[in-house]
K.L.:
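Okay, handing you the structure first.
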2 protein chains.
Amino acid sequence: MATIDAPTRDRILTIASEVFYQKGLSGARMQEIADQAGINKALLHYYFKSKEQLFDTVFQRALGEFLGGIGRVLNGEVPLRAKIEQYVAYTTTALAETPALAAFIVHELQQHPERLSEQFGSGQVIDFEQFRKQLAAAGPQFQTPNAAEHFFANMVALCVYPVLAAPLLAPLMHQAGPQYRRFLRERATQITQLLLGQL
Amino acid sequence: MATIDAPTRDRILTIASEVFYQKGLSGARMQEIADQAGINKALLHYYFKSKEQLFDTVFQRALGEFLGGIGRVLNGEVPLRAKIEQYVAYTTTALAETPALAAFIVHELQQHPERLSEQFGSGQVIDFEQFRKQLAAAGPQFQTPNAAEHFFANMVALCVYPVLAAPLLAPLMHQAGPQYRRFLRERATQITQLLLGQL
DNA sequence: CTTCGCCTTAACCAACTGGTTAAATAATGG
DNA sequence: CCATTATTTAACCAGTTGGTTAAGGCGAAG
C-alpha cells in the first residue's frame, strides 16, 4: 500500500487520502493517519500544521484528479464520438483504481458546496459550450434547450454511479466482489454503445 | 420544517434525519439535534439512549424508504414497460423531496457495508430474477449473461446520480439552483424515453 | 389532591481529539 | 566538523462531545 521509498510528505498525503476518502473529514483521525503512515503526531503536524490544512491539500488533489482528467478529455479538439469513447474509457479505468474517490467528493461537496468554486472559481473545468455545439451538430434531436445537459448527465451518471454505489448495487444484484468488478469492466463497452447509439 | 404538533419522538427522528443526512454519523452532533428539535440533551437521551441507537433508527428508516419504494415498484405484477415508467417516476419524485438521502446512504454504506445485510439479510429487497426474465422476454439483446444487471444499473444510475451529485454537476453545467431543479424534473421523461427505446 | 409521564435546568464527568512543547537523536550535506 | 533538517519521545493542554445525574416543574388523568 504505502510506497516505502516515497518522501515522507508524499507518503503522508497518500495515506491521508485513503483515510479521508473512506471516513470523510469529520470521521478521520489525525492519530490514525500518523499510525498508518508509520510516523507520530508531532511529525504529522510538522508537515501539515492543522487537520484543516491537510484536508484541504487532499481535497484539492482529489478534485484535480477527478475533474482534471475529465476536462483533458472533453476539451480536446476531437470528434464527438471519439470524445465520448475516450471519456468513458478514461473515467471507468480511473475510478476503478480509486473507487472511494467519487463518494468522498460527493460527500464533502454536499456539506460545503463552496469548496468547488473556491478552487475552480471562474476557470471553468470543462468547456460546456463546445460540447453543446458538437452535440447539436450530431442531429436535430440535440437542439432542444437542455439536450446537451441531459446527454452529459447521462454519460457521467452511467460511468460514475455503479462505482460510487457499489456497496448498495452489488448486494442488490447478488454479485460478490470479484464478480461485480468484472461487471464494472464490462460496462465500458455497454455504456459506449448506449451513448453512441443515441447519435 | 419541524412539524410542531408531531409527538416528540417523531420530531426528534425527523430532525435527526436531516442532520445525519447532511453531516453523516461522525459529523452530526447530539447537541445540534437537540437544539434543532427544540429540546435538550437530557430529553434526547431519554428517548434514545445513545447516538448509536438514534443513528441506527435513522439509518434503518432511510434504507427502508430508499429500497422499499423501489421494491414495491419492481416486484409488482406489472408489464416491463410500465414497471420502468413507474420506477423512474417514483424514484425521481421521491428523491426530489429528500435530495440528501442517497448521498447519506452511499456514504454510510461505504464505511460499513455490513449495515445493509444486517437489516435486509436474506430477505432480498428486489426480485432480480423476475426482472431478468421480463427483460429476456423483451428481446434477444437481453439474453446475454449480464444484460439485466447492466440495464438495471443504467436505470438506477440515470435516476439517482444527478440528484446525488448535484453540488458537482450543477456548477459544471453552469446551472444555478432553480434552473437545475427544473432540469431534474425534465429528466423523468428523458430517462424513460432512453430506457424504453432500448427495448 | 396526588400520582405519573413528559420535560427542563444545570451541573458534572470521562474519554477523545487536535494541537503544542521541549529536549534529544539521527541523518544530511557543505 | 558543523549546521541544518528530519524524526522521535513523551508529556501535556484545552476544547469538544457523548452521556449521566439529581432535583424539580407541569399538565393530565384517576
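Every chain is numbered from 1, with letters handed out A, B, ... down the list of sequences. None of these values were measured; they are calculated from a predicted model.
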K.L.:
Please give, in whole Å, the distance from C:dT17 P to B:Arg29 CZ?
P.N.:
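One finds 10 Å between P of C:dT17 and CZ of B:Arg29, rounded.
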K.L.:
Test of understanding: with salt bridge (charged side-chain N to carboxylate O under 4.0 Å, His left out), list the residues that count as partners of B:Asp127, not counting sequence neighbours.
P.N.:
none
K.L.:
Can B:Glu129 and B:Arg132 be counted as an ion pair, charged N to O under 4.0 angstrom?
P.N.:
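Salt bridge between B:Glu129 and B:Arg132, a charged N being under 4.0 Å from a carboxylate O: yes.
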K.L.:
Verify the contact: side-chain N or O of A:Ser50 to OP1 or OP2 of C:dG18, cut-off strictly under 4.0 Å; return yes or no.
P.N.:
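Checking A:Ser50 against C:dG18: no side-chain N or O falls below 4.0 Å of OP1 or OP2.
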K.L.:
Keeping B:His45 on the side-chain end and B:Lys41 on the backbone end, is there a donor-acceptor pair under 3.5 Å?
P.N.:
yes
K.L.:
Write down the distance between CG (B:Asp35) and P (C:dC7), rounded to a whole number of angstrom.
P.N.:
16 Å
K.L.:
To the nearest Å, give me how far apart CD1 (A:Ile33) and P (C:dG19) are.
P.N.:
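After rounding, the gap between these two atoms is 11 Å.
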K.L.:
Between A:Lys49 (NZ) and C:dT21 (C1'), how many Å, whole number?
P.N.:
18 Å
K.L.:
Please list, chain by chain and in numerical order, all residues satisfying side-chain contact (heavy atoms from CB on, under 4.5 Å) with B:Glu97, sequence neighbours excluded.
P.N.:
none
K.L.:
Going by the side-chain hydrogen bond (donor to acceptor under 3.5 Å, both in side chains) test, which pairs reach into residues 153-174 of chain B, not counting sequence neighbours?
P.N.:
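Of all non-adjacent pairs touching residues 153-174 of chain B, those that pass side-chain hydrogen bond (donor to acceptor under 3.5 Å, both in side chains) are A:Gln124-B:His174, A:Arg187-B:Asn154.
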K.L.:
Which nucleotide of DNA chain D is the first, and which the last, in the 5' to 3' direction, to come under 4.0 Å of a heavy atom belonging to chain B?
P.N.:
D:dT17 to D:dT21
K.L.:
Check the distance between C:dG18's C1' and A:Phe55's CZ and give it to me in whole angstrom.
P.N.:
16 Å
K.L.:
For DNA chain D, which residues of residues 37-48 of chain B approach it to below 4.0 angstrom with any heavy atom?
P.N.:
B:Lys41, B:Ala42, B:His45
K.L.:
Would you mind classifying the nucleic acid contact of B:Ala34 as base, sugar-phosphate or nothing, using non-hydrogen atoms under 4.0 angstrom?
P.N.:
nothing
K.L.:
Sequence neighbours left out, what pairs pass salt bridge (charged side-chain N to carboxylate O under 4.0 Å, His left out) with at least one residue falling in residues 65-86 of chain A?
P.N.:
none
K.L.:
Taking ring pair (Phe, Tyr, Trp, His ring centres under 6.0 Å) as the definition, give me every residue that meets it alongside B:Tyr180, ordered by chain and number, with sequence neighbours left out.
P.N.:
B:Phe183
K.L.:
Below 3.5 Å is the cut-off: list the nitrogen or oxygen pairs between protein and nucleotides 28-30 of chain C, distance only.
P.N.:
none

K.L.:
Kindly write out the residues that satisfy side-chain contact (heavy atoms from CB on, under 4.5 Å) with B:Gln60, not counting sequence neighbours, or none if the list is empty.
P.N.:
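Per chain and number, B:Gln60 pairs via side-chain contact (heavy atoms from CB on, under 4.5 Å) with B:Gln119.
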K.L.:
Atom CD of A:Glu52 to atom P of C:dG19: distance rounded to whole Å?
P.N.:
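Rounding to the nearest Å, CD of A:Glu52 and P of C:dG19 are 8 Å apart.
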K.L.:
Establish whether B:Val156 and B:Val78 are linked, either directly or via other cluster members, by ILVMFWY side-chain heavy-atom contacts under 4.5 Å.
P.N.:
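No, B:Val156 and B:Val78 fall in different hydrophobic clusters.
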K.L.:
Looking at CZ of B:Phe48 and CD1 of B:Ile33, how far apart are the two atoms once the value is rounded to the nearest 0.5 Å?
P.N.:
9.5 Å
K.L.:
Residues two or more places apart in sequence or in another chain: which of them pass side-chain contact (heavy atoms from CB on, under 4.5 Å) with B:Thr189?
P.N.:
none
K.L.:
If you fit an axis to the five pairs at each end of the helix from C:dC1-D:dG30 to C:dG30-D:dC1, how big is the angle between those two axes, to 10 degrees?
P.N.:
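So the angle between the two local helix axes works out to 10°.
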K.L.:
Are A:Phe20 and A:Phe59 an aromatic pair, judged by ring center distance below 6.0 Å?
P.N.:
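No, they do not, as the ring centres are separated by 6.0 Å or more.
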K.L.:
Can you sort out the partners of B:Glu32 under side-chain hydrogen bond (donor to acceptor under 3.5 Å, both in side chains), two or more places apart, ordered by chain and number?
P.N.:
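B:Glu32 satisfies side-chain hydrogen bond (donor to acceptor under 3.5 Å, both in side chains) with B:Lys23 once adjacent residues are dropped.
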